[in-house]
Amino acid sequence: MDSRKTPSRPEAGLTPAFHEELPRVRRPRGLVGEIVESLASSIREGRLQPGEKLPTEAEIMARFDVSRTVVRESLSKLQASGLVETRHGIGTFVLQPQNAGNFKITAEDFATVADVISVLELRISLETEAAGLAAQRRTPENLKAMETALRAFHDSISLDSDAVPPDFQFHMEVARSTGNRHFADLMTYLGTMIIPRTRVNTAHSAPEGRFNYLQRVNSEHESIYNAIRNQDAEAARAAMRTHLSNSRERLRRGNNAHTMQPPGEPADTPAAQALGTNLVA
């Protein structure tokens, strides 16, 4: 038997350039995050130029071995980030870089823990007012959605989970309850850019223990919910500000104790130390 191996070939339907530009990697961040990061990196590094058409959905599906739904969600996130635009019936194209003056938060904005705290301070100013507006405008449907997030958070505590998804969902529902889509859009933006990059649940290293730590966070959420339910705008603002300020202090105290270790990266690197914080309070 001939022991020589046949060289590997690109999957059917893929252009050689696409095959070389997007090497197969492991998937620690989820399928959508992997595709978004690969395509975004190709755009940022100039391998995909403004005006250039992205690979077809079928090519991306084959390259990453994912469903069409995953591909479309990935393209939607790229479009929401202003990196591409989809022209119906034609394809998806790379956009010109946004003007330097346009607001954006990228991975480079989290080089240090101080940077992470800065974004959290931005959230304090925005979400405090969002809580007040939510108290004035919330609907029965909004309250039910918040209750669902609170129950999911409570259930996560007993499952040895970091409770990040229901935590973020609660904050998202508060934003939606304002009736102002810009609050929800900003939370969606923060969720897309920040939450998938968190790698450490500081609750596991909290002095009071994971269970008590998460119980305290959940109690803070319940205070926000109760004020919104009672339509007490000032109490809602105070509860949200207290909650996020406490999160900032927990982050500062944990700065010297909690680091992250991204896949394949030593725990003592600057990136590991900077990004190892859970921004969802």
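- Arg44 and Ser41 share a side-chain donor-acceptor pair at under 3.5 Å.
- Of all non-hydrogen atoms in Ser156 and Ala163, the two that sit nearest each other are CB-CB, 3.8 Å.
- The two atoms that bring Leu214 and Phe153 nearest to each other are O-CE2, 3.3 Å, heavy atoms only.
- Placement of Val36 and Val66 within a single hydrophobic cluster is found when ILVMFWY residues are connected by side-chain heavy-atom separations under 4.5 Å, directly or transitively.
- Remark: Arg123 does not engage Glu121 in a salt bridge, criterion side-chain N to carboxylate O under 4.0 Å.
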Contacts under 3.5 angstrom, residues 224-231 side chains, donor-acceptor by atom type, not counting sequence neighbours:
residue: Tyr225; atom: OH; partner: Glu147; partner atom: OE2; Å: 2.3
residue: Asn226; atom: OD1; partner: Arg229; partner atom: NH2; Å: 3.4
residue: Asn226; atom: ND2; partner: Glu222; partner atom: O; Å: 3.2
residue: Asn230; atom: ND2; partner: Asn226; partner atom: O; Å: 3.1

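- No donor-acceptor pair closer than 3.5 Å links the side chain of Ser81 to the backbone N or O of Leu83.
- The two residues Ser177 and Met146 come nearest to each other via the heavy atoms OG-CE, 3.4 Å.
- When side chains are defined from C-beta on, Val84 does not count as touching Phe93, because their heavy atoms never get closer than 4.5 Å.
- In this structure, the side chain of Arg137 does not engage the main chain of Gly179 through any donor-acceptor pair within 3.5 Å.
- In this structure, the side chain of Thr148 engages the main chain of Lys144 through a donor-acceptor pair within 3.5 Å.
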Show your working on side-chain contact (heavy atoms from CB on, under 4.5 Å) between Phe64 and Ser74 and close with a plain yes or no.
CA-CA 12 Å; Phe64 291 91; Ser74 302; over 6 Å; no
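- Scanning for salt bridge (charged side-chain N to carboxylate O under 4.0 Å, His left out) contacts around Arg237 gives Glu129, Glu234, with sequence neighbours left out.
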Using side-chain contact (heavy atoms from CB on, under 4.5 Å), reason through Leu244 and His171 one step at a time and then give a plain yes or no.
CA-CA 11 Å; Leu244 293 177; His171 286 269; 3.9 Å; yes
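- Within the 3.5 Å criterion, the main-chain N or O of His154 finds no donor-acceptor partner in the side chain of Ser158.
- Nearest heavy-atom pair, Thr188 versus Met172, reported as atom, atom and distance to 0.1 Å: OG1-CE, 3.2 Å.
- Residues Ile124 and Arg241 are in side-chain contact: their nearest non-hydrogen atoms beyond the backbone lie under 4.5 Å apart.
- In this structure, His243 NE2 and Ser247 OG are separated by 4.5 Å, a value rounded to the nearest 0.5 Å.
- Relative orientation of the His221 and Phe170 rings is parallel, given thresholds of 30° and 60° on the angle between their planes.
- The OG atom of Ser42 lies 9.5 Å from the CD atom of Glu52; values are rounded to the nearest 0.5 Å.
- A donor-acceptor contact shorter than 3.5 Å is absent between the side chain of Thr242 and the backbone of Ala239.
- To the nearest 0.5 angstrom, Glu85 atom CD is 11.5 Å from Leu54 atom CG.
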Determine whether Arg138 and Glu173 satisfy the following criterion, salt bridge (charged side-chain N to carboxylate O under 4.0 Å, His left out), listing intermediate values before the conclusion.
CA-CA 10 Å; Arg138 93 294 186 277; Glu173 297 304 337; over 6 Å; no
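- Contact check for Leu78 versus Thr92: no side-chain heavy atoms found under the 4.5 Å cut-off.
- The shortest distance between side-chain heavy atoms of Phe168 and Met187 falls below 4.5 Å.
- By the 4.5 Å heavy-atom criterion applied to side chains, Val174 and Glu127 are not counted as neighbours.
- Under the 4.5 Å side-chain heavy-atom criterion for ILVMFWY residues, a single connected hydrophobic cluster contains both Leu75 and Val70.
- Within the 4.5 Å cutoff, the side chain of Ser245 has heavy atoms near those of the Arg248 side chain.
- Atom CD1 of Ile35 is separated from atom CE of Met61 by 10.0 Å, given to the nearest 0.5 angstrom.
- Using a 4.5 Å cut-off on side-chain heavy atoms (C-beta onward), Arg176 and Glu141 make no contact.
- Residues satisfying the salt bridge (charged side-chain N to carboxylate O under 4.0 Å, His left out) criterion with Asp155, sequence neighbours excluded, are absent altogether.
- Across Ile60 and Pro55, no two heavy atoms sit closer than the pair CD1-O, 3.7 Å.
- For the atom pair OG1 of Thr69 and CG of Leu31, the computed distance is 11.5 Å after rounding to the nearest 0.5 Å.
- Under the 3.5 Å distance criterion, the side-chain polar atoms of Asn218 are left unmatched by any main-chain donor or acceptor of Gln215.
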